[in-house]
Amino acid sequence: GSLENEMLQSKSPLDGTMYQSYRYHFDDFMESLRKMSDIGFGINSEDITDYTSHFYIGQGVDGWLGSNSGKLNIALFMTYAIEMSILDDACDEHNTQKVNGRYPVSNACGMYGASYQDMVCDDDGEDKGMECPLDASQSLSGVTRASDYRAPQPFKCAPKSQYPITGFWDEARLEENHKTAFTNQIGRIDVEGCCWWGRGVLRKVTQGRCFYGQLNYHLGKRAATEGRPSLYPKIDFCEFPEAVCASEHSNELRWVSGMFYWIRQIQSHDEDGWNYMEKIREQAIELESGAALDPKLVTAVGCVLKTGSVDCVPDEYLTERASEVLALTTGPQRPTESPTLTSPPSSSPTGFPIVAPTETPTMDPTATNPPTGAPNTLDWPSPQDVDLIIRDIEEQRGLIEEQLLTPRIKIDDENLYNFDMFMSALKVFADRSIDGLYFYVGHGVALNYARRKRGLINVAAFLAHSKTLAVHDSVCDERNTDGLEGRYHPLSNSCGQYGKMYQNMRCTPKELEKGMECPPDPGMQISAVDELTGREDDPPPFFCGPKTYFPFTGYYDGETKQVMNDEPFANRGGRMNVEACCWWGRGAAQVKGVCMYGKLNYYLGAKAKKDGRRSLFPTVDFCKNPQAICSGKYSYSLMWVTALLSWVETVQSRGIFSENLDRIADGKMGYEEFIDFLSDEVLGSGEDDKRETRANFLLAVDALGLRQTRQKSITGDAPN
């Protein structure tokens with residue numbers, strides 16, 4: 001309690017006040033300490049007294065000497081953890097070096113003269129060849145940046161196909177400027193292969209391909225693949241180094257990564273007559289006799305930690321902090337319970353923001369029973385129905401891509417919304433693979449063309465709506481479009497636009513009983529993705545964060561093209577801050593609000609798994625990380641899957657929608673009348689969106705062949 005209340009404290013850059021860290025908690029520290037001291041890593045992991053593979057808390061040394069030297073080791077570790085990360089409440093290394101008065105975006109590749117991708121393991125040591133391979137196609141983004149709203153965006157890495165050149169952080173406009181190349185200290189003007197910045201509680205030293213390769217070799221997927229014990233056998237720290245900060249297990253990994261580095265860099269240090277383990281035992285004896293903590297020891301430890309040598313510029317000011325931590329360390333006993341290695345963690349999404357997500361889940365549903373209690377008013381399709389409709393749609397691939405999935409502005413990178421991901425998501429939802437939910441594609445369609453047409457119209461309406469909201473502009477995160485007086489865009493529009501307040505978009509009492517709603521978290525801090533097709537004069541991406549970071553928010557001036565943040569400026573709902581305002585629209589349907597994100601979690605994410613139900617994305621907690629839709633490992637899938645779930649919940653659940661599907665399928669209602677009804681009565685679209693959706697729907701109808709006089713079926717041709 002004392003350690004958490006007095007030492008695990010972070011400092012606000014705005015007024016210097018201290019607050020309990022959002023990211024570093026005592027329980028997570030103790031669980032990590034238990035694993036790293038009791039289990040450790042490597043071939044000597046069974047020998048808990050081996051301080052080169054276990055975090056030392058006094059193992060193997062009897063009596064007060066073991067207890068005191070163990071406490072001292074913890075205190076020294078915590079001292080530098082506070083200095084490097086806890087004070088800033090940060091996990092990712094931040095962009096802190098200015099070059100010619102500006103912060104280069106390419107600082108992700110290395111700062112202060114270092115090149116992180118060139119930090120490889122020694123050729124003549126036991127770690128030879130252990131570094132992560134360099135993958136130019138990697139695309140990741142950090143989770144944290146400095147708390148000051150003027151600070152640069154989190155680090156990111158991406159291939160040159162995404163960022164041919166990188167620029168600098170524009171402190172005036174609060175955005176990245178990539179108009180011209182801007183070099184970092186070592187001459188980099190891109191971020192290709194630059195995914196190796198520091199992370200975790202010792203983020204200022206845990207950089208480079210060697211470190212992440214060592215982490216993977218001893219604690220991650222490589223250890224498991226090669227038959228060695230592994231605490232995290234499904235996490236590949238080479239493919240996904242951001243797991244330290246943005247995964248289901250990041251609460252532990254922030255600490256574990258630092259402890260791992262401490263074990264290898266500090267506890268194992270024995271050079272030029274300076275042996276760390278001997279030094280702390282000598283100091284423990286002196287402390288027992290009443291002596292004060294030796295500043296030279298604290299300084300030497302800092303030097304070894306940061307440079308590998310005991311000789312460097314001293315950190316004498318940390319001696320007092322180390323003494324305070326030592327006084328609060330009340331002798332944790334060595335834990336005895338071992339973690340279950342047979343239930344390893346699984347890979348998780350990256351944090352935020354990212355421009356192009358990199359991986360999709362394997363979705364091979366096996367459910368054979370129709371859903372129960374579904375909100376649909378439409379009959380569920382059989383597997384044969386789904387296969388037939390999927391085949392029909394795949395035959396129209398070219399037209400669908402051309403008419404419905406092509407952005408209005410040509411971009412060099414791959415489209416956010418592509419046909420393959422749409423079809424994969426559609427098959428999963430149509431095939432009854434989510435508990436209680438299915439996307440309607442028709443039932444009994446092999447011999448009944450009206451039912452087949454009914455299903456295809458549902459698909460066409462969904463695609464038209466998606467194109468209007470997101471696909472045509474190739475956006476995932478909602479944009480700041482609600483300008484007061486046509487000019488002033490409140491930064492607090494992330495809380496809601498056009499009079500809506502997203503955190504007030506609540507579930508029904510019955511849904512609340514099932515735990516479907518996300519509780520607003522005042523401490524959540526998220527930044528949206530900067531859209532690929534955005535114009536230079538667009539407002540900056542949405543963000544949310546606690547009042548301790550952002551006491552108030554201003555506005556973006558559409559005429560001067562500047563962010564004005566000197567005084568509070570309210571949105572239409574009266575909000576002048578962005579605390580707990582992380583529920584803006586995302587994905588193809590721009591899903592928004594605490595209820596809808598809670599439903600995503602309930603049906604697709606971590607809550608489904610926790611409740612023992614089938615979960616397509618068991619490692620994604622949409623309540624804790626709604627940004628996973630746009631900037632995560634599974635984003636290409638989630639952009640579509642979340643939209644399909646939203647459609648099922650908000651459109652298919654309406655009885656009047658089913659009735660009008662029957663009418664249009666039977667020729668009793670025209671296409672324009674149908675889509676206008678949908679826009680007016682179900683979707684609540686504005687006039688501009690209504691017109692665009694009508695045009696897109698007619699394109700979708702033609703792309704799916706619905707206005708042809710005859711339609712191919714399994715048994716031959718069926719009349720329209």
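Residue indices begin at 1 and follow the sequence shown.
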**Prompt:** Side chains of Asp621 and Asn601: do they bring a donor and an acceptor to under 3.5 Å?
**Reply:** yes
**Prompt:** With respect to the side-chain SG atoms, do Cys194 and Cys157 come within less than 2.5 Å?
**Reply:** no
**Message:** Quick check: Phe462 with Phe439 (ring centres under 6.0 Å apart)?
**Reply:** yes
**Prompt:** Given Cys595 and Cys518, is the disulfide bond (SG atoms under 2.5 Å apart) satisfied, shown in steps?
**Reply:** CA-CA 6 Å; Cys595 181; Cys518 289; over 6 Å; no
**Message:** Under the ring-ring contact (aromatic ring centres under 6.0 Å, His included) test against Phe617, which residue among Tyr603, Tyr634, Tyr602 passes?
**Reply:** Tyr634
**Request:** Could you list the residues that satisfy ring pair (Phe, Tyr, Trp, His ring centres under 6.0 Å) with Tyr116, not counting sequence neighbours?
**Result:** none
**Message:** One pair to check against side chain to side chain donor-acceptor pair (under 3.5 Å): Gln497 and Arg479. What are the steps and the verdict?
**Reply:** CA-CA 10 Å; Gln497 301 199 84; Arg479 296 174 294 174; over 6 Å; no
**disulfide bond (SG atoms under 2.5 Å apart) assessment of Cys495 paired with Cys544** = CA-CA 8 Å; Cys495 302; Cys544 61; over 6 Å; no
**Message:** Using the ring pair (Phe, Tyr, Trp, His ring centres under 6.0 Å) criterion, which residues pair with Phe422? Sequence neighbours excluded.
**Reply:** Trp640
**Asked** Does a side-chain heavy-atom distance below 4.5 Å link Val591 with Ile629?
**Response** yes
**Prompt:** Is Lys500 atom NZ crowded by more than 12 heavy atoms from other residues, nucleotides or ligands, each under 6.0 Å away?
**Reply:** no
**Message:** Side chains of Pro546 and Tyr22, heavy atoms from C-beta outward: is any pair under 4.5 Å?
**Reply:** yes
**For Glu687, side chain to side chain contact (heavy atoms under 4.5 Å, CB included) partners two or more places apart** = Lys690, Arg691
